[in-house]
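One-based numbering, in listed order, for ligands and for the atoms of each. This structure is a prediction, so every number in the text was calculated from the model and none was measured.
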Amino acid sequence: MEEIKQLREMMKSYTAADEDFDSDMNHDLPKPALVKYYEGSKRISLPKDFEKILQNNNFYQLLTNRKSHRKYDEEAISLEELSFLLYATQGVKDVLKDKTVTLRNVPSGGAIHPFETYIYANNVSGLEEGLYHYLPIEHELEQLTLIDFFKETIAEAFLGQTFLTEAPVAFYWSIIPYRCEWKYASKAHRVALMDLGCVCQTLYLAAESISCGTCMVGAYDQEMADSLFGFDTTPGEKKDAEFLLGGAGVGRRPQ
Ligand SMILES: Cc1cc2nc3c(=O)[nH]c(=O)nc-3n(C[C@H](O)[C@H](O)[C@H](O)COP(=O)(O)O)c2cc1C
């Protein structure tokens with residue numbers, strides 16, 4: 001019961017009394033890096049000409065047709081389509097204030113954007129199969145070295161939800177919690193979870209607009225999944241800590 005009580009409190013916003021919370025920002029500590037880079041990795045630039053792939057611009061239809069798709073056509077998705085989905089969900093439109101703030105296609109409390117996006121390309125034309133990390137400012141992918149058995153084990157880590165590995169591409173989002181804790185201290189976590197909802201719904205609608213389908217996945221074994229991504233699984237308050245928050249399979253909707 002005590003745990004439920006604490007978790008409910010976590011969901012609540014601050015009260016006027018603790019509005020000036022004790023955050024590192026209020027103590028003038030430096031703002032953490034906006035994005036993560038895997039130094040030395042091979043970079044792949046992504047096309048940004050989306051006009052020719054957008055098939056449905058009717059917002060009402062997108063909204064009402066949206067549903068979770070867990071079965072996908074065997075056909076590959078194109079690099080342009082993957083590029084569009086990455087741009088829609090995390091792409092940067094503007095970099096402000098001496099490169100300390102990004103404005104993106106999705107909103108984020110305090111414009112913090114605490115997530116990193118990883119994709120596993122299973123069947124994307126023009127992209128070698130494997131794991132990649134998205135660079136939202138440059139709109140590029142970094143090709144990552146796979147941990148042994150990644151492909152064999154990731155579906156198990158996601159509790160046997162094999163549609164992730166059967167999909168032409170799977171999205172995985174991690175969070176670097178210190179990015180939002182720096183500003184919002186103990187109220188950061190509720191804001192971050194709301195942020196992920198924005199990313200998730202944007203992926204659904206963006207996929208729908210290019211005749212693809214997606215399904216968000218929030219159920220997985222945290223430690224197993226984090227190990228596959230090479231994240232440090234030790235609990236604690238490290239400023240560079242990163243862990244997985246969810247995933248999604250994406251592919252063309254079956255005819
Ligand atoms: C945060 C979140 C987590 C979810 N996790 C899973 C999941 O682990 N596995 C799954 O098959 N579907 C998952 N879903 C999809 C929901 O089951 C689905 O949205 C719900 O059944 C309603 O169906 P609809 O999306 O077709 O309207 C998740 C959806 C959200 C928004």
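For the ligand labelled ligand 1, residue R66 lies inside the 4.0 Å heavy-atom shell.
Ring-centre distance between Y118 and Y172: not below the 6.0 Å cut-off.
Atoms of ligand 1 found under 4.0 Å from any heavy atom of K67 (numbered from 1 in listed order, with element): 26 (O). Close contacts of ligand 1 with Q161, meaning ligand atoms under 4.0 Å from a residue heavy atom, involve 7 (C), 8 (O), 9 (N), 10 (C), 11 (O).
The shortest N/O to N/O separation between C200 and ligand 1 does not fall below 3.5 Å. Checked against a 3.5 angstrom limit, the closest N/O atoms of C215 and ligand 1 fall outside it.
Using a cut-off of 4.0 Å between Lys/Arg side-chain N and Asp/Glu carboxylate O, E75 and R252 are scored as salt-bridged.
Side-chain atoms of Q143 and H133 include no donor-acceptor pair closer than 3.5 Å. A donor-acceptor pair shorter than 3.5 Å cannot be found between the side chains of T100 and D98.
Note that atom 4 (C) of ligand 1 has protein non-hydrogen atoms nearby, at separations under 4.0 angstrom.
Put simply, the side chain of R43 reaches to within 4.5 Å of the side chain of L135, judged on heavy atoms.
Closest heavy-atom approach to atom 21 (O) of ligand 1 among the candidates H69, R70, M216: R70.
Between W173 and F171, the ring planes are tilted. Angles from 30° to 60° get that label.
For atom 22 (C) of ligand 1, the closest non-hydrogen atom on the protein side is S68 OG, 4.8 Å.
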